[in-house]
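Below is one structure, written out as structure tokens; comments come after it.
Counting starts at 1 for both ligands and their atoms, in listed order.
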Amino acid sequence: MRKEVVLITGANGEIGHGLISHLAKQGDVGIIALDVQPADPAILHCVDQYIQGDILDHMLLGRIVAEYEIRTIFHLASILSTKAEHNPETAHKVNVEGTLNLLRLAAEQSQWQGRRVKFLYPSSIAVYGLPTLEDKARSGRVREDDWLMPRTMYGCNKLYCEHLGRYYAHHYRQMAADFARQTMVDFRVIRFPGLISAETVPTGGTSDYGPEMLHAAAKGQPYACFVRPDTCLPFMAMPDAVKSLLELEKAPIENLTRLVYNVGSFSLSAQEFREEVLRAFPQAEITYEPHPTRQAIVDSWPADVDDSQARADWGWQPDYDLDKAFNNYLIPAIRERYARPQPSSISPC
Ligand code: AKB
């Protein structure tokens, strides 16, 4: 009997850390973690196997299919928006070809197992592209089907992969004689806002100014924010991001009226973010040095998202509003993190 597992790509990244620690605590399924980077020791002891490898490596993925019975794939690996602009073609390769490889793996597993393998795909507010600041101010909470005109390679990749997933969920091999809906991939997408973790600092994103500001203040380092004070984005505390993935994974398929869901929790300007940080760290030195390109990217992302579909279909409800995110999670956890003699990325599982 092959062991039933969940496969997590990009396991060493920000969401991966939180997700692995939760799944390990639940303890009902094996965890196979895959990442190009060597394992953070803090997650190593929470997983059944840590594979250091590339999602573009077909042989490696083939070996995983042969060895394990995969219940769910959490495909977290991707190159984020700012980093992707430095080498758009490489980003396309990793973000699109990598996702295609995992979708194919999920399709093969679904057929072997005779049941739909779940594929949880974190997409992003980067799929939206509001042409002007007036449009951004006027449109408020953006719905899933509006303003889908991304201006970054990352946003284009995410939007296209949402479509690829829909294809694998409904139409893959539609000409085949044995075409069968009950063994298609069960593809589910969450479009995340900017995520903020107390444990890890993001790299390569454009919503990073929020978490960077907070972590710099906690470390007593000065920080120059790369967007204007009035710049507004939706954000979410990492525990809510993990919770949303786990809840969408559990949701009965018959309750889902769509494949792609916005999730929101709070929205604030860079200035409001700075004020929250200063309340906790009054000595923090936070200035503004807007970077024109990163500013333009963030200006094209919505100020807030409409997540009423997620609330209606699978009961989405964040635990952390703005006040709770800062006062009950981020500030205490971040103080604790930087007070540790040897910071470890996550609490023990
Ligand atoms: C990024 O800034 O690229 C990400 C995102 C909003 O998806 N954090």
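A donor-acceptor contact closer than 3.5 angstrom is absent between the side chains of Tyr223 and His215. Of the N and O atoms on the side chains of Asn95 and Asn157, at least one donor lies less than 3.5 Å from an acceptor on the other residue. Between the side chains of Glu85 and Thr82, no donor-acceptor pair of N or O atoms lies under 3.5 Å.
At a heavy-atom cutoff of 4.0 Å, ligand 1 is contacted by the side chain of Trp301 but not by its backbone. The proximity of Ala126 to ligand 1, defined as any non-hydrogen pair under 4.0 Å, does not occur for either the backbone or the side chain.
Ligand 1 has an N or O atom lying under 3.5 Å from an N or O atom of Tyr154, backbone or side chain. At a 3.5 angstrom cut-off on N or O pairs, Ser81 counts as close to ligand 1.
The atoms of ligand 1 that sit less than 4.0 Å from any heavy atom of Leu80 are 3 (O). Those atoms of ligand 1 that come under 4.0 Å of a heavy atom in Thr206, given as number and element, are 1 (C), 2 (O), 3 (O). Close approach of ligand 1 to Ser124 is summarised as follows: ligand atoms under 4.0 Å from at least one heavy atom of the residue are 5 (C), 6 (C), 7 (O).
Heavy-atom contacts from other residues, nucleotides or ligands closer than 6.0 Å to CZ of Arg258 number more than 12. Applying the 6.0 Å contact sphere to CD of Gln283 captures no more than 12 heavy atoms from other residues, nucleotides or ligands.
Aromatic ring pairs are classed by plane angle as parallel below 30°, tilted from 30° to 60° and perpendicular above 60°; the pair Tyr329 and Tyr320 is tilted.
In terms of protein heavy atoms, atom 8 (N) of ligand 1 is closest to Ser207 OG, 2.9 Å.
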